[in-house]
Amino acid sequence: MKKSKKILILCLMILSFATITKMPIIANTSNATTTTAYKHIGSKTRSKIEINTKTRTYTGKKITPKVTIYRNNEKLKNRKDYTVTYKNNKNPGKATITIKGIGQYTGTVKKYFYIRPKATKLYSAKVYNYDQAKIHWKRDSKADGYQIYMYSKLTKKYVKIKTIKDNKTTYYIKRNLDPDVKYIFKVRAYKKVKGKKIYGYFGNRVKKNLPSKLLSEITLTASSSGANRNTNIRQASKSCNNVVLRPGERFVWSKVVGPATASKGYKKATIFVNKQHKTDYGGGICQVSSTVYQAAKGAKLKIIERHTHSLPVTYTTKGNDATVAHGSLNLIFENNKSYSVKIKMTSNGKSCTCKIYRM
């Protein structure tokens, strides 16, 4: 009888143990701080997992965001009810947090967060070749590349000027900068993760002024000018803009502007040929060449070749013009100074302005 009672008690203990089930730990995989409730197997009990997965900045050390789990408002214990492991959580990129239930709990949850590159340190921005600035920054061996931004009083905002697609390059030369303008440069590093760029913070800013002196400024305006003629003036002005002449170098119209053709965007407008009015591509560009000529003369540069029109023009006085015709009539002048000069050319179509600076 006693033996049968012991067997019965043993069977009841085995049956009771067999009915114990593990409680799952489950969470969604969104990359934000979450508080999500989940049902226990066979009951309406709820669980929640809290993790702050905001993007972090590279520190050189492993980053381990805190994990907190509650069950029926009771805080579960790490290493008793669950384990937490981290992967790729030191260098810039995408890190993984894995939570695994143990003891009475089961299930695996994975969460992700990003580590951005550290802020990029700028060393300097030095004037380089008269109208250029050389920007130099500290290398970030953990990044995949850099982005360079520039601010000036002309743009009134920061504009991205270059993307460097490797981490070994630590300088960039920005060309065609304007004289007497303050520029501000900043650089940030980035890390690519499956096509997505994770950007670091911008570090310090570097300011730079390009010193120069205005030597001459001329504006010529036509009394009348049609749409095609305005287009031609803007096109030729664009070709002359930002030309730099070092000591001894020459401005040659046929090389700087070249032939006025339809493929280059020129339109048909009135031209002078042997004291007659005709229509051809590039009509009106002599207003640009005359403006450049007068500015060069005002800057006391050496005029090598210049020709006047066969008929009067409306934008300047007689004898102060400079006609051009590709292959026959050219405008050439030489920088006879001991310093470099830069030509800045602007146009609204009917009028054009030429400024020559000492660099």
Side-chain angles (χ1 to χ4, degrees), residues 13-121 138-147 165-168 187-203:
M13 289 175 64
I14 294 171
L15 181 61
S16 176
F17 178 78
T19 58
I20 295 175
T21 58
K22 288 189 175 183
M23 293 172 276
I25 299 174
I26 306 172
N28 71 38
T29 57
S30 65
N31 289 331
T33 300
T34 59
T35 302
T36 310
Y38 296 93
K39 294 181 180 180
H40 177 267
I41 295 176
S43 73
K44 295 183 179 180
T45 358
R46 299 172 73 84
S47 302
K48 63 180 179 181
I49 298 178
E50 294 180 353
I51 310 174
N52 191 332
T53 54
K54 68 178 182 180
T55 300
R56 313 298 175 92
T57 301
Y58 171 78
T59 63
K61 299 179 181 180
K62 292 184 177 181
I63 300 173
T64 55
K66 184 180 178 181
V67 176
T68 306
I69 305 176
Y70 292 92
R71 181 87 183 169
N72 292 330
N73 296 321
E74 181 182 350
K75 186 177 179 180
L76 301 188
K77 293 183 179 181
N78 189 9
R79 296 189 183 89
K80 178 182 178 183
D81 302 315
Y82 62 91
T83 59
V84 181
T85 56
Y86 300 89
K87 184 179 179 181
N88 300 326
N89 60 322
K90 180 181 178 181
N91 294 327
K94 187 177 182 180
T96 304
I97 307 171
T98 302
I99 308 162
K100 188 174 182 181
I102 58 175
Q104 298 183 60
Y105 298 89
T106 187
T108 300
V109 176
K110 287 193 176 183
K111 300 284 285 184
Y112 305 93
F113 67 96
Y114 291 100
I115 302 175
R116 66 172 68 89
K118 60 185 177 182
T120 304
K121 181 179 180 180
K138 184 177 181 180
R139 183 190 176 195
D140 186 347
S141 62
K142 304 297 182 182
D144 289 329
Y146 311 93
Q147 287 186 337
K165 296 183 178 180
D166 67 84
N167 66 12
K168 294 182 179 179
V187 179
R188 66 178 179 180
Y190 68 84
K191 181 74 176 179
K192 289 183 71 174
V193 180
K194 295 183 178 179
K196 178 180 178 180
K197 289 181 180 177
I198 312 300
Y199 296 102
Y201 289 122
F202 290 106

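- Scanning for ring-ring contact (aromatic ring centres under 6.0 Å, His included) contacts around Phe202 gives Tyr149, with sequence neighbours left out.
- At least one side-chain heavy atom of Tyr199 sits under 4.5 Å from a side-chain heavy atom of Gln147.
- Applying the 6.0 Å contact sphere to OH of Tyr201 captures no more than 12 heavy atoms from other residues, nucleotides or ligands.
- With hydrogens and angles disregarded, no donor-acceptor distance shorter than 3.5 Å links the side chain of Asp140 to the backbone of Ala189.
- Between Lys111 and Ile51, the closest heavy-atom pair is CG-CD1, 3.4 Å.
- Considering only heavy atoms from C-beta on, Ile115 stays 4.5 Å or farther from Ile198 through its side chain.
- Taking CD1 of Ile69 as the start and OH of Tyr105 as the end, the distance is 9.5 Å to the nearest 0.5 Å.
- In this structure, Asn167 contributes its side chain and Ser141 its backbone to a donor-acceptor pair below 3.5 Å.
- The distance from the NZ atom of Lys87 to the OH atom of Tyr112 is 9.5 Å, given to the nearest 0.5 Å.
- Rounding to the nearest 0.5 Å gives a distance of 9.0 Å between OG1 of Thr85 and NZ of Lys100.
- Of all non-hydrogen atoms in Pro65 and Asn52, the two that sit nearest each other are CB-O, 3.7 Å.
- Note that CZ of Arg56 is 8.5 Å distant from OG1 of Thr64, once rounded to the nearest 0.5 Å.
- Judged as a ring-ring contact (aromatic ring centres under 6.0 Å, His included), and not counting sequence neighbours, the contacts of Tyr146 are Trp137.
- Residues Val67 and Asn78 have side chains not in contact (no heavy-atom distance under 4.5 Å, counting atoms from C-beta outward).
- Annotation: the span from Glu50 atom CD to Lys75 atom NZ amounts to 9.5 Å, rounded to 0.5 Å.
- Distance check: Asn91 CG to Ile63 CD1 gives 9.5 Å after rounding to the nearest 0.5 Å.
- Residue-environment remark: NZ (Lys197) exceeds the threshold of 12 foreign heavy atoms within 6.0 Å.
- Geometric assessment of Lys196 against the ring of Tyr114 yields a positive cation-pi assignment under the 6.0 Å and 45° thresholds.
- Thr57 and Arg116 get closest at one heavy-atom pair: OG1-NH1, 2.8 Å.
- Taking all atoms of both residues into account, the shortest heavy-atom contact from Lys90 to Tyr58 is O-CD1, 3.2 Å.
- Across Ile99 and Tyr82, no two heavy atoms sit closer than the pair CG2-CD1, 4.1 Å.
- Here the closest non-hydrogen pair linking Ala95 and Asn89 is CB-CA, 3.8 Å.
- Stacking of Lys48 on the aromatic ring of Tyr70 is recorded, both the 6.0 Å distance cut-off and the 45° axial limit being met.
- Using modelled atom types and a 3.5 Å distance limit, the side chains of Thr120 and Arg188 yield no donor-acceptor pair.
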